[in-house]
Every structure is written in structure tokens, then in C-alpha cells.
Amino acid sequence: MPADLDNSLPELLGHLSVLSRPVTGVLQAGLPERILLEKAANAGLVLPGDVIKLYAWRDGTLDYPGAMLDDIHIIPGFYFPSLYETLANHAVFRDDARWNPSWLPLLANGGGDFFAVDCSDNPGSWGHVRHFMLGEPEHHVLYLTVSSMFETFVAAFDRGIFFLHPSGHLDADDEAYAALARTVNPEARGWDAY
């Protein structure tokens with residue numbers, strides 16, 4: 001069955017709510033499609049449908065004074081920036097030799113690593129999600145769509161692979177997550193590197 005954001009986004013929010021994660025209170029209202037398309041076009045990007053659906057659901061997290069990075073994580077180590085912050089990150093990396101200007105940095109870790117969506121006009125890679133790591137030479141495709149990425153996140157919460165560490169932060173069993181992600185995303189060959 002194909003991944004469906006209409007199911008996985010509320011399920012993800014449900015897991016974060018059960019874990020009493022502060023991010024649930026700072027996810028911003030979604031954006032109108034017209035604004036999304038206009039802002040993306042101004043940045044030279046053509047957004048896949050599931051990226052439009054994601055930002056129509058919520059416009060990332062509100063940046064508020066005193067926020068701790070872990071408080072806004074939606075999965076261990078990564079948060080969902082607002083479209084404004086995402087496009088600002090895109091502008092910063094656009095001319096970097098390690099970056100492809102058609103990548104949209106959708107999820108961020110706050111230190112220069114991203115889950116980046118390919119927004120090029122290449123039908124063979126459009127919508128694929130890469131793990132961009134600042135210090136690495138290769139940036140592997142880990143998910144063929146944003147929808148399958150969120151489906152994998154929800155499955156990780158469902159199975160306890162993503163969990164609340166006793167110290168209070170979101171954590172993951174990395175080995176179990178890589179095994180799960182390979183199963184859910186068999187066509188994404190990037191998991192072979194993990």
C-alpha cells in the first residue's frame with residue numbers, strides 16, 4: 001500500500017503527544033497552496049505533492065525564545081523548520097559545492113545536516129529524500145518520497161524504535177531503525193551504506 005501523509009502525519013503527532021513532547025504546542029498552522037507554490041517558484045523549486053501536503057498541514061515549528069532544540073524535534077535529532085527557515089537554509093547552501101540547488105532542506109538537525117527533498121525536473125529523482133550530512137562527500141537517497149519517509153517515522157514510533165530516553169529526549173535504536181527503513185523503503189539503496 002502506498003504511503004499516505006493523511007494518515008501518517010496525525011499518527012506522528014499522536015505519538016509526540018503521548019510522549020508529551022513540547023513540539024506539539026509549537027507546530028504552526030499550515031500554509032495555503034498558493035503561497036507555497038509562489039515561494040518555491042521564487043527559489044527556483046518545483047515542490048512534489050507530498051511536500052505541498054506537509055506544509056499545508058503545518059508550517060513547521062514556531063521559533064520561540066528559550067526553545068531547546070530537543071523540544072522541537074519531531075524525530076530523534078531532527079526538527080521540521082518553517083517554510084521561511086527552510087528557504088533561508090536553501091539560500092545558504094544553494095551555491096555550496098556539496099549541495100544541489102534543486103534540493104529543499106525539509107528537516108534539519110540545527111548543525112547543518114538535513115533530510116533534503118529533490119525538487120528538480122528530473123523524473124528519475126524528483127521527490128527523493130537524501131540525507132545531507134555536512135562533513136560527508138556522499139548524500140544517499142534514503143526515501144523515494146516524503147510520504148514514505150513519514151510512514152517510516154511512524155512505524156519506528158509504533159515499534160518503540162523511536163522512544164523517550166530516561167533523560168527526557170527523543171532517542172532511537174539506530175540499528176533497528178536502519179533495518180526497518182530498509183524494509184519499508186527497499187528501492188532506496190542509500191540504506192545499504194548504513
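Reckoned from all heavy atoms, side chains included, excluding hydrogens, waters and symmetry mates.
- Looking at Leu170 and Leu19, their side chains come closer than 4.5 Å, going by heavy atoms from C-beta outward.
- Here the side chains of Ile35 and Lys39 are in contact, with some heavy-atom distance below 4.5 Å.
- Residues Val23 and Thr61 are in side-chain contact: their nearest non-hydrogen atoms beyond the backbone lie under 4.5 Å apart.
- The closest side-chain heavy-atom distance from Leu142 to Thr152 is not below 4.5 Å.
- Hydrophobic cluster membership differs between Met133 and Trp99, with clusters built from Ile, Leu, Val, Met, Phe, Trp and Tyr side chains linked at under 4.5 angstrom.
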Chi angles and distances behind the side chain to side chain contact (heavy atoms under 4.5 Å, CB included) call for Leu106, Val146 = CA-CA 9 Å; Leu106 191 64; Val146 169; 3.8 Å; yes
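- With Phe115 as the partner, the ring pair (Phe, Tyr, Trp, His ring centres under 6.0 Å) test is satisfied by one option alone out of Phe150, Trp103, Phe78: Phe78.
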List the steps, then state whether side chain to side chain contact (heavy atoms under 4.5 Å, CB included) holds for Leu104 with Val51.
-> CA-CA 10 Å; Leu104 179 73; Val51 174; 3.9 Å; yes
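- Formation of a donor-acceptor pair under 3.5 Å by the Asp113 side chain with backbone atoms of Leu134 is found in this model.
- Within the 4.5 Å cutoff, side-chain heavy atoms of Asn89 are placed close to those of Phe114.
- Between Thr145 and Val129, the closest side-chain pair of non-hydrogen atoms is not below 4.5 Å.
- Every residue meeting the ring pair (Phe, Tyr, Trp, His ring centres under 6.0 Å) condition with Phe157, not counting sequence neighbours, appears here in chain and number order: His15, Phe162.
- Checking side-chain atoms of Trp126 against main-chain N and O of Val46 turns up a donor-acceptor pair under 3.5 Å.
- Heavy atoms only, all atoms of each residue included: Asp118 and Ser125 are closest at OD2-OG, 3.0 Å.
- Counting only distance, with no hydrogens or angles, the side chain of His140 and the backbone of His131 share no donor-acceptor pair below 3.5 Å.
- With hydrogens and angles disregarded, no donor-acceptor distance shorter than 3.5 Å links the side chain of Thr24 to the backbone of Ser20.
- Residues passing the side chain to side chain donor-acceptor pair (under 3.5 Å) test with Asp171, sequence neighbours excluded: none.
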Mind running side chain to side chain contact (heavy atoms under 4.5 Å, CB included) on Asp173 and Glu175 for me, showing each step along the way?
-> CA-CA 6 Å; Asp173 178 336; Glu175 190 174 306; 3.8 Å; yes
Test side chain to side chain contact (heavy atoms under 4.5 Å, CB included) on Asn7 and Glu151 and set out the steps.
-> CA-CA 9 Å; Asn7 293 324; Glu151 175 187 36; over 6 Å; no
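- For the atom pair His169 NE2 and Leu69 CG, the distance stands at 12.0 Å (nearest 0.5 Å).
- In terms of the salt bridge (Lys or Arg N to Asp or Glu O under 4.0 Å) criterion, residue partners of Lys53 (sequence neighbours excluded) are, by chain and number, Asp6.
- Note on Leu9: it clusters hydrophobically with Leu62, by side-chain heavy-atom contacts below 4.5 Å among ILVMFWY residues.
- The closest donor-acceptor contact from the side chain of Asn185 to the backbone of Ala188 lies at 3.5 Å or more, if one exists at all.
- Between the Asp50 side chain and the Ser147 main chain, a donor and an acceptor come within less than 3.5 Å of each other.
- For Asp70, the side chain to side chain donor-acceptor pair (under 3.5 Å) test picks out Arg21, His73, with sequence neighbours left out.
- Distance check, rounded to the nearest 0.5 Å: CG of Leu36 to CG of Leu45 gives 12.0 Å.
- Leu180 is not listed as a side-chain neighbour of Trp191, based on a closest heavy-atom distance of 4.5 Å or more.
- Remark: Leu107 CG to Met149 CE distance equals 4.5 Å, nearest 0.5 Å.
- Cluster annotation: Phe163 and Tyr177 are assigned to distinct hydrophobic clusters (Ile/Leu/Val/Met/Phe/Trp/Tyr, side-chain heavy-atom contacts under 4.5 Å, transitive).
- Annotation: the span from Arg94 atom CZ to Ser102 atom OG amounts to 9.0 Å, rounded to 0.5 Å.
- Nearest heavy-atom pair, Leu5 versus Leu54, reported as atom, atom and distance to 0.1 Å: CD1-N, 4.2 Å.
- Linking Ile, Leu, Val, Met, Phe, Trp and Tyr residues whenever their side-chain heavy atoms come within less than 4.5 Å leaves Val92 and Tyr84 in two separate clusters.
- By the ring pair (Phe, Tyr, Trp, His ring centres under 6.0 Å) test, Tyr55 pairs with Phe80, sequence neighbours left out.
- Closest non-hydrogen pair, Gly127 versus Pro48, comes out as CA-CG, 3.7 Å.
- Using a 4.5 Å cut-off on side-chain heavy atoms (C-beta onward), Asn109 and Tyr79 make no contact.
- Between the side chain of Arg130 and the backbone N or O of His139 there is at least one donor-acceptor pair closer than 3.5 Å.
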Extract all donor-acceptor atom pairs below 3.5 Å that involve side chains of residues 27-34 and protein atoms in other chains or at least two apart in sequence.
residue, atom, partner, partner atom, Å
Gln28, NE2, Asp59, O, 2.9

